[in-house]
Structures are given as C-alpha cells and as structure tokens.
Amino acid sequence: MRLQIYNIPLLTVIAVIMMSTGCLRASAQRRVSPVNTPATATQPVNENKLPSDSIDRSKLVQYRDDKGNVVLVDTITGQEIVDSAAMPKVPPMIYPLVYDASIGVNLWDPLMRALGQSYGLIGFSAHFNMHNRYTAVFEAGLGEADNTPADNNYTYHSGVAPYFKIGMDYNFLYNSNPDYQIYAGLRYGFSPFRWTLRNVTVDNSYWGEPSELKFPDLNSTAGYLEFLFGIKVNIYKAISMGWTFRYHRLLHYGPKNNGKPWYVPGYGSTNSAIGASVSVYYTLPLHSRNKTDGMEPGPVRQPGETPPPPDPESNGPDKASAPDNSDTATITE
C-alpha cells in the first residue's frame, strides 16, 4: 500500500512533463512556419520598375561600355545592370512634320564662268523641310563645256545638256532657330549628254603642214554620287543664302567604247573629286503659326477656377466706351 501511494504522484509528474514538452514543441514549430495567406499572395507587383531603380549605389562600381552606357556592377554577385537613369535621352523634335519649302538658284557656275572656268551653266533646286531636321532635295540644271587644254592639241566640247539630282539633307541644328542650318547631305546625279573632240591638230611631216581633224558627236550617259556639307543662313525675310562643299564620285558612264568623258553636266570635270555651290533661296512657310507667337503666356487657371476680376487701371472695353468728362466743369450756385 505504501508503494502504491508513492507511485501515483510519480506517474502524474511524468505525464505533466511529457504534455508540457509536446506543447512547447508545437508552439515552437508554429513560430518558424511561414504563413501564406491570400493577402500576401496577391500583393501588387510593379512590373514597370527597372532593376536599377532600387539599387544601393554606394555598394556598386560602375564603368562605361563600348556603346557609351553606364553599367553598374555588384561587387559581391558580379551582376551587371545598365543604368537606365544615366542613358542619354534623345531630345524631341519641336517643329512640325510639314515645316517649309524653298526654291533656290545655284550661282556658283555662272560666277566661275565669269572668272574664266571652261564649263558649267546654271542650276536650280527645290527643298521640302520636315521637322526642320530632314530635307528632301531635288536639283536640276543645264551644263556645257568648251575646254582647250594648254598642253594638248584638241578642244573638248559638250553642248548644253540637262542634269538631275535627288537626295536628302540632315540639319544638325534641328531644334534651334530654323533661320540658321548646318547640315550634311547625299545626292545621286544623272545626266544624258553629247560630247566630241574638235580642232585636233595632227602634224604631217610629209606635207610639212599640220592638219585638223574633228570627231563626230558621241552620246553618253553618266551617274554619280555626291556627299556634301553645307551652311544656310537667313539674310532678309524669306531670302536665305547657302554654301556647300561637295565630294563626288563617278559611278557609271557609257558606252564604254567611246572613252571616259572629260566633263559631265552637274558634276564638273571628271579629273576632280571636289566641288562647291553658292545658292540663294526663297522660303515658303507651310506650317500654321501659333497665334501666341511673340506674346507672353497668360496665367494658367485650374479647371473650375473663376477668372480674376478685371484690373480697374487697365484700359478695358468698358472704360474705353465711357465718355471722358475730365475737361468739363459743372458750375453750381
């Protein structure tokens, strides 16, 4: 009996200890287990956020790649991210697509002919300006040549013939004042013409007197490419003036059995790869001008805001219509 009395408390203590250990183990497991609730599973994600927007830049190093982009490098993981905030931004074009058109006349050839050049005649051009950045260009003109080299016994003659050019210019100052342009361009030129050799002197040792020969006219067509750099400035209202320096290259000519012509209309002498032009332009504006051009903008009001009362000191319509009695006096007795 005495052993049974002492065993009952001992069993009870063991049971209490085992239950306490299980409860502690269960509560510890609940504390470390992650809880996934519908609220955490449906949190919004900013998909437009860039990887470099939330980077601690104090822990990164940066360098610039071969394209000029700034690259951020994580020194721990080695991950590289292009810094979007440092990427160059292309400025928007502030002028409308259909901006203006102009026509021009090339005075270079007439000027050089007056100074003794043996070829050239006259040229005209038409320009269509888009965004004050891109300009489509069409050129046409007439050319001729009559050249007698000092060290040769012949005269190269090419009658009046047309030439045509088509191309595009790029204005580097497209967001600046359109009255001043610095541009580069490309042209393809084409000309059908006739040429011949005249006054060919042949020494005749048998008869003792030289004789002259003349070859028949030869038909020819030629195509060429021009790269140019130009400047255009406004000189008075719609009148502008421009200078271009051109590098050209003969692409094709024919027929080949007639030989290479010395002169091609619109190109010049085939022995030179450098050309120039001086032109005067008349510009026609095609865009609709803003009615507030040249005026200071007024105050901006929020939607629903009532306009301010008129200034009593201003010369408004009510004050202008009221008679001015400042010069009249009223006499009362």
Side-chain angles (χ1 to χ4, degrees), residues 103-126 137-167 185-230 242-280:
I103 56 176
V105 55
N106 182 7
L107 304 178
W108 178 259
D109 282 347
L111 178 62
M112 297 305 293
R113 289 299 294 268
L115 296 177
Q117 183 174 271
S118 58
Y119 58 87
L121 196 57
I122 193 68
F124 303 92
S125 60
V137 183
F138 175 75
E139 299 183 21
L142 299 173
E144 66 172 355
D146 198 5
N147 180 42
T148 302
D151 55 346
N152 290 306
N153 59 341
Y154 66 89
T155 297
Y156 181 94
H157 174 77
S158 177
V160 177
Y163 68 86
F164 309 95
K165 300 180 186 180
I166 188 170
L186 180 68
R187 304 281 190 275
Y188 172 76
F190 174 82
S191 177
F193 61 100
R194 299 170 64 88
W195 63 278
T196 186
L197 299 179
R198 296 178 178 177
N199 304 325
V200 180
T201 303
V202 179
D203 292 333
N204 193 334
S205 59
Y206 179 80
W207 297 103
E209 295 181 357
S211 59
E212 292 185 356
L213 300 177
K214 177 183 177 180
F215 293 90
D217 292 350
L218 302 175
N219 294 324
S220 184
T221 57
Y224 49 92
L225 197 64
E226 287 185 341
F227 301 92
L228 59 90
F229 178 82
W243 299 263
T244 63
F245 302 92
R246 307 182 180 223
Y247 172 82
H248 43 218
R249 182 178 181 86
L250 197 63
L251 296 179
H252 59 84
Y253 63 91
K256 295 288 187 178
N257 54 0
N258 291 339
K260 182 180 179 180
W262 176 82
Y263 168 77
V264 175
Y267 181 96
S269 173
T270 55
N271 294 332
S272 175
I274 305 298
S277 67
V278 177
S279 301
V280 177

Can you check side-chain contact (heavy atoms from CB on, under 4.5 Å) on Y224 and V264, steps first, answer last? CA-CA 9 Å; Y224 49 92; V264 175; 3.9 Å; yes
Sequence neighbours excluded, the answer for salt bridge (Lys or Arg N to Asp or Glu O under 4.0 Å) partners of D146 is none
Is there side-chain contact between Y156 and P261, with heavy atoms separated by less than 4.5 Å? yes
Would you say the side chain of T148 lies within less than 4.5 Å of the side chain of Y154, judging by non-hydrogen atoms? no
Scanning both residues in full, the closest heavy-atom pair of Q117 with D109 reads NE2-OD1, 4.1 Å
Output, in order, the C-alpha distance, side-chain angles, deciding distance and verdict of side-chain contact (heavy atoms from CB on, under 4.5 Å) for N147 and W262. CA-CA 9 Å; N147 180 42; W262 176 82; 3.2 Å; yes
Rounded distance [0.5 Å steps], CZ in F193 versus OG1 in T221: 7.5 Å
Under 30°, 30 to 60°, or over 60°: which ring-plane class applies to Y263 and Y119, parallel, tilted or perpendicular? tilted
Non-hydrogen side-chain atoms of V160 and L121 separated by less than 4.5 Å: yes
Minimal heavy-atom distance between P255 and S220, with the atoms involved, is CD-CA, 4.4 Å
Counting distance only, does the side-chain N/O of R246 pair as donor-acceptor with the main-chain N or O of S277 below 3.5 Å? no
Can you see which heavy atom on Y163 is nearest to which on L142, and at what distance? CE2-N, 3.6 Å
Looking only at heavy atoms, which two atoms of F164 and A140 are closest? And how far apart? CD2-CB, 4.0 Å
What's the spacing between H252 NE2 and F190 CZ if we round to 0.5 Å? 7.0 Å
In this structure, which one of T244, L107, N106 forms a side chain to side chain contact (heavy atoms under 4.5 Å, CB included) with S279? N106
Looking only at non-hydrogen atoms, find the nearest pair between L250 and A222 and report the distance. CD1-CB, 4.2 Å
The reported gap from CG in L218 to OG in S158 (rounded to nearest 0.5 angstrom) is 10.5 Å
Looking at every heavy atom in both L225 and R187, which two are closest together, and how far apart are they? CD1-O, 3.2 Å
Answer yes or no: does atom CZ of F245 have more than 12 heavy-atom neighbours from other residues, nucleotides or ligands under 6.0 Å? no
Do T196 and R194 have side chains that get closer than 4.5 Å, going by heavy atoms? no
For the CH2 atom of W108 and the CH2 atom of W243, what is their distance to the nearest 0.5 Å? 12.0 Å
Distance, nearest 0.5 Å, that separates NZ of K165 from NE2 of H248: 8.0 Å
